[in-house]
Student: 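Have a look at the structure that comes next, please.
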Amino acid sequence: MTTIPEYDIARSAACPLDPAPAMRARQEEGPLTRVRLWDGTMAWLVTSHAEHRAVLAHPRVSVEPARGLPRLSAVEAAAMEAMAAREDGEGGISFILMDDPEHARLRRMVTGAFTVRRVEAMRPATQRIADDLVDAMLAGPKPVDLVEAFSLPLPSLVISNLLGVPYDDHEFFQANSRTIINRDSSAEVRGQAQYALGAYLYTLLGEKVDKPGDDLLSGLAERIAAGELSQQEATQMGVLMLFAGHETTANMITLGTLALLRQPDQADALRKGDDPQVAAAVEELLRYLTITHGGLRRVALEDIEIGGQVIRAGEGILAVNEVANRDPAVFPDPDRLDVGRNARSHVTFGYGVHQCLGQSLARMELQVAYPTLLRRIPSLALAAEVEQIPFKHDGFVYGAYELPVTW
């Protein structure tokens with residue numbers, strides 16, 4: 001029986017952009033394997049692409065913690081708590097941890113803000129933000145930390161504008177979100193950060209009930225005023241979008257730039273590509289990097305058959321995104337970054353009814369970020385050896401704490 005230690009999602013120092021060796025080893029054993037987790041409980045580990053999608057799309061598979069999901073490690077539990085923050089600092093349940101129909105009811109209230117049409121309307125403003133950040137980089141000293149100079153500010157500005165959160169407060173929510181997802185944070189410190197984010201958005205929503213604007217939080221405030229949504233529910237939704245809307249994209253910008261700078265031929269292909277080619281390159285980078293690592297937790301509500309295996313009612317399931325995205329049956333030579341590959345079927349954003357709500361926004365931001373950096377700074381290069389880069393092995397979302405670059 002294979003045992004999966006608590007933090008066996010860490011990627012190797014030798015290949016920091018590849019999935020954890022322990023997870024890849026499980027993939028070689030078969031599409032579904034029975035494993036003993038770090039806390040002694042049993043679960044099914046799903047590592048193939050087809051079975052991964054089958055699990056996430058199955059109507060009798062649940063995402064609700066109370067139904068018996070595999071127990072989370074401390075860092076993943078912290079991330080889930082962050083996405084479910086309440087105004088009083090206590091943990092609640094976000095709609096991403098609900099089954100339908102309640103999940104669908106709450107999700108529909110914010111879906112309109114993330115349609116392809118609405119997101120495309122934000123592209124010119126996003127391009128201006130990217131250009132302004134590059135202007136500041138070029139005018140300042142070098143080397144520079146790309147994370148602080150570009151990767152974090154870009155999605156922070158975009159999500160702030162979308163939600164109606166004053167950008168002057170971006171350092172506040174960046175610092176608190178980092179505290180919440182860091183496994184080295186004590187329970188007390190993590191709780192304080194969670195409380196601060198929840199209290200901030202709870203207060204802001206109250207202000208928007210009285211003085212609504214043209215933003216997503218104002219839309220939620222209107223539903224509060226109409227009695228369709230409680231202020232607590234709206235706060236949970238706001239924290240989820242604020243947290244997920246900048247931390248994940250910032251890490252993708254950083255790691256994607258690192259991957260491209262390490263492979264100049266791939267960077268050059270993206271630099272010279274037209275819009276469809278850039279879009280395809282972004283899909284390949286999403287597949288290749290898969291920054292949400294560690295597995296999606298599910299539980300079977302009744303006996304189901306997946307990949308020739310019977311999963312009994314009540315048994316836990318871990319569907320591992322980063323390994324499914326390296327399935328050679330779907331992506332030939334999967335460990336090779338190929339920006340010309342058709343990688344649209346990747347599962348980086350999940351699959352089924354719980355597929356990432358903000359995926360169109362993330363795609364648009366990445367389609368702006370990479371070519372802006374590569375075209376405006378054609379001599380962009382790493383200013384440190386990969387071994388010197390501090391990677392986020394301790395986080396639910398993988399990335400790098402800093403990325404020194406020069407030109």
Side-chain angles (χ1 to χ4, degrees), residues 79-119 121-122 125-126 129 155-177 179-180 190-249 354 356-362 365:
M80 292 298 102
E81 290 168 7
M83 295 175 182
R86 291 196 335 211
E87 73 281 3
D88 56 4
E90 299 291 333
I93 296 297
S94 165
F95 72 89
I96 66 169
L97 295 177
M98 295 177 181
D99 294 334
D100 286 342
E102 188 64 2
H103 161 261
R105 180 185 75 85
L106 294 173
R107 182 175 171 123
R108 278 195 298 268
M109 294 185 182
V110 291
T111 300
F114 295 97
T115 62
V116 173
R117 181 178 179 181
R118 289 286 296 273
V119 166
M122 299 170 62
T126 304
I129 292 169
S156 294
L157 278 166
V158 172
I159 198 65
S160 295
N161 292 338
L162 177 65
L163 293 177
V165 173
Y167 181 70
D168 289 346
D169 297 333
H170 77 284
E171 292 183 1
F172 163 82
F173 69 75
Q174 285 174 8
N176 281 286
S177 65
T179 298
I180 288 167
R190 188 179 293 124
Q192 290 171 349
Q194 183 181 332
Y195 176 89
L197 275 178
Y200 171 81
L201 281 182
Y202 188 86
T203 300
L204 186 58
L205 279 163
E207 294 172 357
K208 289 182 180 291
V209 169
D210 297 326
K211 291 184 62 176
D214 184 21
D215 53 66
L216 195 153
L217 289 182
S218 292
L220 292 178
E222 290 177 3
R223 293 183 181 273
I224 294 171
E228 300 174 13
L229 195 65
S230 72
Q231 196 160 337
Q232 174 187 318
E233 289 174 322
T235 299
Q236 293 170 358
M237 295 165 77
V239 169
L240 167 64
M241 290 178 285
L242 186 60
F243 175 81
H246 80 280
E247 188 78 17
T248 51
T249 305
H354 284 280
C356 176
L357 177 66
Q359 60 182 290
S360 294
L361 179 63
E365 291 175 286

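Position 1 is the first residue of the sequence; numbering continues from there.
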Student: Please check: side-chain N/O of Lys208 versus main-chain N/O of Gly164, any donor-acceptor pairing under 3.5 Å?
Tutor: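 It does hold such a pair.
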Student: Any donor and acceptor pair, going by atom type alone, linking the side chain of Gln231 with main-chain N or O of Tyr202 inside 3.5 Å?
Tutor: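 The answer is yes, because a donor-acceptor pair under 3.5 Å joins these two groups.
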Student: Hey, could you give me the CG/OG1 distance between Leu240 and Thr235, rounded to the nearest 0.5 Å?
Tutor: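 The CG atom of Leu240 sits 12.5 Å away from the OG1 atom of Thr235.
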Student: Hey, does the side chain of His354 reach the backbone of Met98 with a donor-acceptor pair shorter than 3.5 angstrom?
Tutor: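 Such a contact is found between His354 side chain and Met98 backbone.
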Student: Hey, what do you get for CD (Glu228) to CZ (Arg105), rounding to the nearest 0.5 Å?
Tutor: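 That separation rounds to 9.0 Å.
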Student: Would you say the side chain of Val165 lies within less than 4.5 Å of the side chain of Asp215, judging by non-hydrogen atoms?
Tutor: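 Side chain of Asp215 against side chain of Val165, heavy atoms only: no contact under 4.5 Å found.
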Student: Please tell me if the side chains of Leu361 and Ile159 come closer than 4.5 Å, counting only heavy atoms from C-beta onward.
Tutor: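 In short, these two side chains touch, coming nearer than 4.5 Å.
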Student: Considering non-hydrogen atoms only, spot the tightest contact between Arg118 and Gly112 and give its length.
Tutor: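 Scanning both residues completely, I find the closest heavy atoms to be CG-O, 3.3 Å.
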Student: Taking all atoms of both residues into account, what is the closest heavy-atom pair of Leu217 and Gly238, and its distance?
Tutor: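 Here Leu217 and Gly238 meet closest at CD2-CA, 4.3 Å.
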Student: Step by step, would you call Leu204 with Leu163 a side-chain contact (heavy atoms from CB on, under 4.5 Å)?
Tutor: CA-CA 11 Å; Leu204 186 58; Leu163 293 177; over 6 Å; no
Student: Nearest 0.5 Å, what's the CD-CZ distance between Glu233 and Arg223?
Tutor: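 Here the rounded value is 11.5 Å.
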Student: If I compare all heavy atoms of Leu157 with all of Ile129, which pair ends up nearest, and what's the gap?
Tutor: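 Shortest heavy-atom separation between Leu157 and Ile129 comes out as CD1-CG2, 3.4 Å.
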Student: Considering all heavy atoms of both residues, which atom of Ala234 and which atom of Leu229 are nearest to each other, and what is their separation?
Tutor: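 Residues Ala234 and Leu229, closest heavy atoms: CB-CD2, 3.8 Å.
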Student: CD of Glu102 to CG of Leu97: how many Å apart, nearest 0.5 Å?
Tutor: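 Rounded to the nearest 0.5 Å, the CD-CG separation comes to 13.0 Å.
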Student: Where do Leu357 and Ile96 land on the side-chain contact (heavy atoms from CB on, under 4.5 Å) test, with the steps shown first?
Tutor: CA-CA 10 Å; Leu357 177 66; Ile96 66 169; over 6 Å; no
Student: For Glu207 and Lys211, run side-chain contact (heavy atoms from CB on, under 4.5 Å): C-alpha distance rounded to whole Å, both residues' side-chain angles, the deciding distance at 0.1 Å, then the answer.
Tutor: CA-CA 6 Å; Glu207 294 172 357; Lys211 291 184 62 176; over 6 Å; no
Student: What's the verdict on side-chain contact (heavy atoms from CB on, under 4.5 Å) for Met241 and Phe114, showing C-alpha distance, side-chain angles and the deciding distance?
Tutor: CA-CA 11 Å; Met241 290 178 285; Phe114 295 97; 3.7 Å; yes
Student: Are there over 12 heavy-atom neighbours, none belonging to Asp210, within less than 6.0 Å of that residue's CG?
Tutor: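 Buried by this count: over 12 neighbours within 6.0 Å.
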Student: Please indicate whether Arg107 has more than 12 foreign heavy atoms, meaning atoms of other residues, nucleotides or ligands, lying under 6.0 Å from its CZ.
Tutor: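 Correct, the count exceeds 12.
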Student: Is there a donor-acceptor contact under 3.5 Å from the side chain of Ser218 to the main chain of Pro212?
Tutor: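 Not at all, since once roles are kept as given, no pair shorter than 3.5 Å links the two residues.
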Student: Atom CG of Leu216 and atom CG of Asn161: how far apart are they, to the nearest 0.5 Å?
Tutor: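 Interatomic distance, Leu216 CG to Asn161 CG, rounded to 0.5 Å: 12.5 Å.
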Student: Rounded to the nearest 0.5 Å, what separation is found between the OG atom of Ser360 and the CD atom of Glu365?
Tutor: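 It comes to 11.0 Å.
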